Amino acid sequence: MYTLFISTFRELIEIALLKEQKIISKKEQISNRNHSIYTVPLIEEILKESSLTTKSLNEIIVIDGPGSFTGVRLGITVAKMLAYTLNIKIKSISSIEAIAAGKKESKMIINIADPKGKYFGVFNNGKLISELSYLPSSEYEKFIKTNYPNYEEINDETLDIEAIYNYSQNIQNQNPHNVKARYIKGIEALNGK
């Protein structure tokens with residue numbers, strides 16, 4: 001079974017092809033805010049180097065944000081289009097959960113900052129134990145110190161793609177039309193900010 005992994009939520013675009021849970025090819029590219037220039041060609045390169053076509057794919061895993069507004073939208077659009085036209089499975093995972101996958105700390109907080117605040121998730125033994133939330137920077141520090149004093153904030157944003165694949169096994173397949181981007185502004189609005 002071939003799985004295509006798409007990550008465009010930050011400046012570093014990561015595209016990988018997995019076979020039976022193991023990476024067989026991976027490409028990275030700094031986008032310089034040009035996700036649209038690099039994403040599809042990287043997918044084409046991976047498939048060509050593996051002597052495959054898109055028809056060989058069985059599923060897609062895409063990071064749905066939060067992150068770069070344009071990057072997230074582009075990655076999701078490409079993933080949805082492929083999943084729909086090929087009639088294959090698609091799963092989306094947040095960038096917070098993707099960063100947490102494979103990390104060894106038992107009690108950790110993963111966050112992604114914007115100029116005004118932080119979008120974050122709290123994990124215990126690799127499981128997300130809180131809703132993904134957004135707080136202004138001034139409130140975030142106090143909230144974490146008060147509610148999660150024994151949790152470590154992880155600043156390593158390295159993605160372990162095989163660990164993300166394993167984590168995604170507990171995520172249901174989605175209808176491609178229902179895959180939506182997670183935007184920081186959307187979370188902020190849900191939290192009444």
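What's counted below: heavy atoms across the whole structure, side chains too, no hydrogens, waters or symmetry copies. Owing to the predicted nature of the structure, the values given are computational and were not obtained by experimental measurement.
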**Q** Would you mind listing every ring pair (Phe, Tyr, Trp, His ring centres under 6.0 Å) that reaches into residues 151-176, with sequence neighbours excluded?
**A** Y148-Y151
**Q** How does the hydrophobic cluster around Y84 look, that is, which other residues are in it when side-chain heavy atoms under 4.5 Å mark a link?
**A** none
**Q** Using 0.5 Å steps for rounding, measure from the CG atom of N34 to the CD atom of E11.
**A** 8.5 Å
**Q** Can I88 and L82 be said to form a side chain to side chain contact (heavy atoms under 4.5 Å, CB included), step by step?
**A** CA-CA 8 Å; I88 60 175; L82 285 170; 5.5 Å; no
**Q** Once you round to the nearest 0.5 Å, how far does CD1 of I37 lie from CG of L74?
**A** 10.5 Å
**Q** Who pairs with N166 by side chain to side chain contact (heavy atoms under 4.5 Å, CB included), at least two apart in sequence or on another chain?
**A** Q21
**Q** Name all pairs fulfilling the side chain to side chain donor-acceptor pair (under 3.5 Å) condition that reach into residues 42-57, sequence neighbours left out, sorted by first residue then second.
**A** K27-E49
**Q** Say you draw a straight line from NZ of K19 to CG of L52; how long is it, rounded to the nearest 0.5 Å?
**A** 8.5 Å
**Q** Side chain of E14, backbone of K26: donor and acceptor closer than 3.5 Å?
**A** no
**Q** Rounded to the nearest 0.5 Å, how far apart are OH of Y119 and CG of L132?
**A** 4.0 Å
**Q** Using a 3.5 Å distance criterion without hydrogens, assess whether the side chain of Y140 forms a donor-acceptor pair with backbone atoms of G117.
**A** no
**Q** Roughly how far, to the nearest 0.5 Å, is the CD1 atom of I164 from the OG atom of S7?
**A** 7.0 Å
**Q** Which residues satisfy the salt bridge (charged side-chain N to carboxylate O under 4.0 Å, His left out) test with R73, sequence neighbours excluded?
**A** none
**Q** So, using side chain to side chain contact (heavy atoms under 4.5 Å, CB included) as the criterion, who are the partners of N175 when residues are at least two apart?
**A** H177, N178
